[in-house]
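First up is the structure itself, then whatever we jot down about it.
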Amino acid sequence: MTAPDQTVPDELFGCWQRQWIEFADGSRDDTSFVVWLQLPSLMADVRLSPAALALAGRTSLSLSDLMVLAQSDSSSGATVCTPVVEGTAVAEWSTAIGFQPVSAFPESGVLEWNSDGTVMMERAPSGAYVEEWHLLPDSRGPLSHSVLADGSEWYRAGSVGVLVRDRPLPVPQVERLSSLTDRADLESALDCEFSFCRLTGDAWVVEHSTIPARVGAILLP
């Protein structure tokens, strides 16, 4: 039986890594780092381009580096999903914290799993995109969400986790952060952390982050 606070089926639990996305115009992205961590209701995703990944560890960023980061996209919030029927369900998302001011793909997604539940296809009803996701090993559980002392949020799925910290100032009223050209505005807007972490021993190590200097940091959430 589904728990009262569970809004997604068990099949969606865990952390999924995107293998590729293909758009309606035929273009395809299979090089960006994209993960989607799903709890019984809450979710967090991290989305970084190869150019953003290349900034890992950097503590000093040029204006062009900031512009690269401004094209990233991550979010946290909640997922509501219809029951799985013949391996297919429909998911909708509401955003609590968004790296970008406006979602690039606000529509629902049609999800379909393979026979062992480790590969999931997602299709936009409009035909805008198709994505293939693979379940990361050891991410089915334990599943947890907590708010840390500094106000950041911790999402865990087994041996992987996502740390989310909202920016201290409101995001500018623009559709995409890449439209900002003033360095001070960019730095303020980019002060928003989505870090993908992996459990190593008793500590969590940041592997990828929207804050490049955070890569390699040790977390004890």
Side-chain angles (χ1 to χ4, degrees), residues 8-23 27-56 69 71-79 81 84 87-89 91 93 95 97-100 103-105 109-124 128-145 153-164 193-200 204-212 214-217 219 221:
V8 303
D10 295 356
E11 287 89 339
L12 196 48
F13 289 177
C15 190
W16 301 82
Q17 182 165 6
R18 194 178 77 188
Q19 302 302 298
W20 52 263
I21 182 171
E22 186 170 298
F23 300 98
S27 61
R28 185 182 179 97
D29 176 9
D30 56 11
T31 58
S32 293
F33 173 78
V34 180
V35 290
W36 165 11
L37 190 156
Q38 183 64 57
L39 305 181
S41 175
L42 300 178
M43 58 72 63
D45 63 44
V46 183
R47 301 167 181 263
L48 296 165
S49 69
L53 294 172
L55 299 175
L69 292 174
Q71 298 175 44
S72 303
D73 201 353
S74 301
S75 65
S76 65
T79 306
C81 197
V84 177
T88 302
W93 298 272
T95 300
I97 299 175
F99 189 80
Q100 292 290 344
S103 172
F105 294 98
V110 179
L111 311 178
E112 183 176 358
W113 290 267
N114 71 338
S115 58
D116 68 5
T118 61
V119 177
M120 177 175 65
M121 302 301 297
E122 177 186 346
R123 295 176 172 82
Y129 67 85
V130 178
E131 296 174 294
E132 181 177 311
W133 301 85
H134 288 194
L135 182 68
L136 291 181
D138 303 320
S139 72
R140 283 291 191 194
L143 306 173
S144 64
H145 169 264
E153 297 182 57
W154 175 246
Y155 298 77
R156 177 184 179 179
S159 62
V160 296
V162 174
L163 182 70
V164 179
E193 180 177 359
F194 285 82
S195 291
F196 173 78
C197 312
R198 199 178 293 273
L199 184 62
T200 303
W204 294 85
V205 181
V206 177
E207 292 193 351
H208 304 292
S209 179
T210 55
I211 308 290
R214 293 284 276 166
V215 175
L219 304 182

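Positions are given from 1, in the same order as the sequence printed here. Scope of the values below: all heavy atoms of this structure, side chains included, with no hydrogens, waters or symmetry mates.
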Exercise. Apply side chain to side chain contact (heavy atoms under 4.5 Å, CB included) to Ser41 and His145, showing your working.
Key: CA-CA 10 Å; Ser41 175; His145 169 264; over 6 Å; no
Practice problem: List in chain and number order the residues that pass side chain to side chain donor-acceptor pair (under 3.5 Å) with Gln100, two or more places apart in sequence or in another chain; answer none if no residue qualifies. | Solution: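 Per chain and number, Gln100 pairs via side chain to side chain donor-acceptor pair (under 3.5 Å) with no residue.
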Compare all side-chain heavy atoms of [X] with those of [Y] and state whether any distance is below 4.5 angstrom.
X	Y	value
Met120	Trp36	yes
Phe194	Ser76	yes
Leu12	Trp113	yes
Leu111	Glu11	no
Leu55	Leu53	no
Val110	Thr88	yes
Arg156	Trp204	yes
Ser139	Ser159	no

Look up atom [atom1] in [X] and atom [atom2] in [Y], then write down how far apart they are to the nearest 0.5 Å.
X	Y	atom1	atom2	value
Met43	Gln38	CE	CD	6.5 Å
Thr79	Trp93	OG1	CH2	7.0 Å
Glu22	Tyr129	CD	OH	13.5 Å
Phe196	Arg47	CZ	CZ	14.0 Å
Asp30	Ile21	CG	CD1	11.5 Å
Trp154	Leu163	CH2	CG	6.5 Å

Quiz item: Would you say the side-chain atoms of Asp45 pair up with the backbone N or O of Ser75, donor to acceptor, closer than 3.5 Å?
Solution: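 Pair found, side chain donor or acceptor close to backbone of Ser75.
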Quiz item: Parallel, tilted or perpendicular: which describes the rings of Phe33 and His208, with under 30° parallel and over 60° perpendicular?
Solution: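 Phe33 vs His208 ring planes: tilted.
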Quiz item: Ser209 pairs by side chain to side chain donor-acceptor pair (under 3.5 Å) with which of Ser74, Ser72, Ser195?
Solution: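 Of the listed options, the one satisfying the test is Ser195.
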Quiz prompt | Which atom of Phe99 lies closest to which atom of Leu69, heavy atoms considered | solution =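 That would be CE2-O, 3.4 Å.
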Quiz item: Under the side chain to side chain contact (heavy atoms under 4.5 Å, CB included) criterion, do Trp20 and Val130 qualify, and how do the steps go?
Solution: CA-CA 8 Å; Trp20 52 263; Val130 178; 4.0 Å; yes
Quiz item: Ala217: what forms a side-chain contact (heavy atoms from CB on, under 4.5 Å) with it, not counting sequence neighbours?
Solution: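 In terms of side-chain contact (heavy atoms from CB on, under 4.5 Å), with neighbours along the sequence ignored, Ala217 is linked to Val206, Arg214.
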Self-check item: Verdict with supporting geometry, Arg18 and Asp29, side chain to side chain contact (heavy atoms under 4.5 Å, CB included)
Solution: CA-CA 10 Å; Arg18 194 178 77 188; Asp29 176 9; 3.4 Å; yes
Quiz item: With sequence neighbours left out, which residue pairs that include part of residues 132-141 fulfil the salt bridge (charged side-chain N to carboxylate O under 4.0 Å, His left out) condition?
Solution: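 For residues 132-141: none.
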Quiz item: Does a salt bridge link Glu112 with Arg123, judged by any charged N lying under 4.0 Å from a carboxylate O?
Solution: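 Looking at Glu112 and Arg123, the cut-off is met.
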